[in-house]
Amino acid sequence: MNDIEFEELVMPEARMLPVILLLDVSGSMSYDAKMDELNNSVREMIESFQKEQIVQAEIWVSVITFGNEAKVHTQLTPARDIHYTDLVAGGMTYMGRALDTAYDMIEDRARIPKNAYRPVVVLVSDGVPNDDHWEDKLRKFTTTGRSSKCDRWSMAIGADADLAMMKRFLDHPEKEVC
């Protein structure tokens with residue numbers, strides 16, 4: 001073997017794998033234990049991310065909630081550093097505003113650098129948006145900029161979820177709403 005000393009070998013830095021959760025916390029989510037299902041699912045997801053040991057990637061999570069307002073509940077943070085607290089339902093379903101917030105985050109190269117893995121965006125909702133122009137905002141999110149290249153998933157909450165609306169968010173015609 002060469003005279004290379006092991007001290008000279010350096011582990012490559014893990015690349016960011018951004019996961020953005022768009023969580024519906026509107027009033028419609030307060031029925032039929034939907035918020036319990038949402039909170040339990042998100043907690044489970046984050047706990048599984050915290051256990052992942054991927055040499056090439058480090059999972060970073062951001063939580064964007066939408067009820068009366070779209071709000072960055074958790075900035076992009078390494079999953080291992082997140083301490084999730086249950087969310088509470090209330091207000092309207094301003095999904096379009098949440099899509100704008102996520103779009104701005106994904107487009108910002110200071111937050112998601114060019115060398116990061118393709119972002120994963122998970123929409124968790126009962127799929128009943130009621131803000132103005134949400135369809136235009138969905139179209140913008142799914143067809144322009146870096147967000148159009150994201151890996152998008154939909155998780156429907158509740159038996160009355162609007163699956164057709166949730167399917168529109170997905171990035172592939174063969175994907176199904178979870």
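Please read these numbers as outputs of a predicted model, since none were measured by experiment. Nothing fancy with the numbering, it's 1 onward along the sequence.
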K.L.:
Would you call Arg139 and Asp136 a salt bridge, taking side-chain N to carboxylate O under 4.0 Å as the test?
P.N.:
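Judged by the 4.0 Å cut-off on N to carboxylate O distance, Arg139 and Asp136 do form a salt bridge.
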K.L.:
Do Met92 and Leu99 share a hydrophobic cluster (ILVMFWY, side-chain heavy atoms under 4.5 Å, transitive)?
P.N.:
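In one cluster: no.
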K.L.:
How close do Ile64 and Met105 get, counting heavy atoms only, and between which atoms?
P.N.:
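Reported closest heavy-atom pair: CD1-CE, 4.2 Å.
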K.L.:
Between Gln50 and Ile82 (side chain of the first, backbone of the second, donor and acceptor by atom type, cut-off under 3.5 Å), is there such a pair?
P.N.:
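Yes, Gln50 side chain to Ile82 backbone: donor-acceptor pair under 3.5 Å.
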K.L.:
Quick one: list whatever passes ring pair (Phe, Tyr, Trp, His ring centres under 6.0 Å) with Tyr94, sequence neighbours left out.
P.N.:
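Counting only residues at least two positions away or on another chain, Tyr94 forms no ring pair (Phe, Tyr, Trp, His ring centres under 6.0 Å).
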K.L.:
So which of Val124, Ile20, Thr74 actually passes side-chain contact (heavy atoms from CB on, under 4.5 Å) with Val63?
P.N.:
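So the option named by the test is Thr74.
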K.L.:
Please determine whether the number of non-hydrogen atoms from other residues, nucleotides or ligands lying under 6.0 Å from atom CD of Glu47 exceeds 12.
P.N.:
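Yes, because the 6.0 Å sphere around CD of Glu47 holds more than 12 heavy atoms from other groups.
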K.L.:
For residues 15-34, which residue pairs qualify under side chain to side chain donor-acceptor pair (under 3.5 Å), counting only residues two or more places apart or in two chains?
P.N.:
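Sorted pair list: Asp24-Ser26, Asp24-Ser125, Ser26-Ser28, Ser26-Thr93, Ser28-Asp126, Lys34-Asp126, Lys34-Asp160.
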K.L.:
Where do Met166 and Leu123 come nearest, in terms of heavy atoms and distance?
P.N.:
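What the structure gives for the nearest pair is CE-O, 3.7 Å.
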K.L.:
Hydrophobic clustering (ILVMFWY, side-chain heavy atoms < 4.5 Å, transitive) - are Leu138 and Leu163 grouped together?
P.N.:
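Result: yes, single cluster for both.
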K.L.:
Identify the heavy atoms of Leu87 and Met35 that sit nearest to each other, and give their distance.
P.N.:
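Closest approach of Leu87 to Met35: O-CE, 3.3 Å.
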K.L.:
Taking all atoms of both residues into account, what is the closest heavy-atom pair of Arg152 and Leu170, and its distance?
P.N.:
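Result for this residue pair: NH2-O, 3.4 Å.
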K.L.:
May I ask whether Tyr84 and Val122 are part of the same hydrophobic cluster, defined by side-chain heavy atoms of I, L, V, M, F, W, Y residues being less than 4.5 angstrom apart, directly or through others?
P.N.:
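Per the 4.5 Å side-chain linkage, Tyr84 and Val122 are co-clustered.
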K.L.:
Under 3.5 Å, which donor-acceptor pairs link side chains of residues 108-115 to any protein atom two or more places apart or in another chain?
P.N.:
from: Asp108; atom 1: OD1; to: Ala110; atom 2: N; distance (Å): 2.9
from: Asp108; atom 1: OD2; to: Arg111; atom 2: NE; distance (Å): 3.2

K.L.:
Do the side chains of Phe169 and Val128 join up, straight or via other hydrophobic residues, at under 4.5 Å, putting them in one cluster?
P.N.:
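No: no chain of side-chain contacts under 4.5 Å links Phe169 to Val128.
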K.L.:
Looking at Gly67 and Val25, what are the two nearest heavy atoms and their distance?
P.N.:
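Heavy atoms of Gly67 and Val25 come nearest at N-CG2, 3.9 Å.
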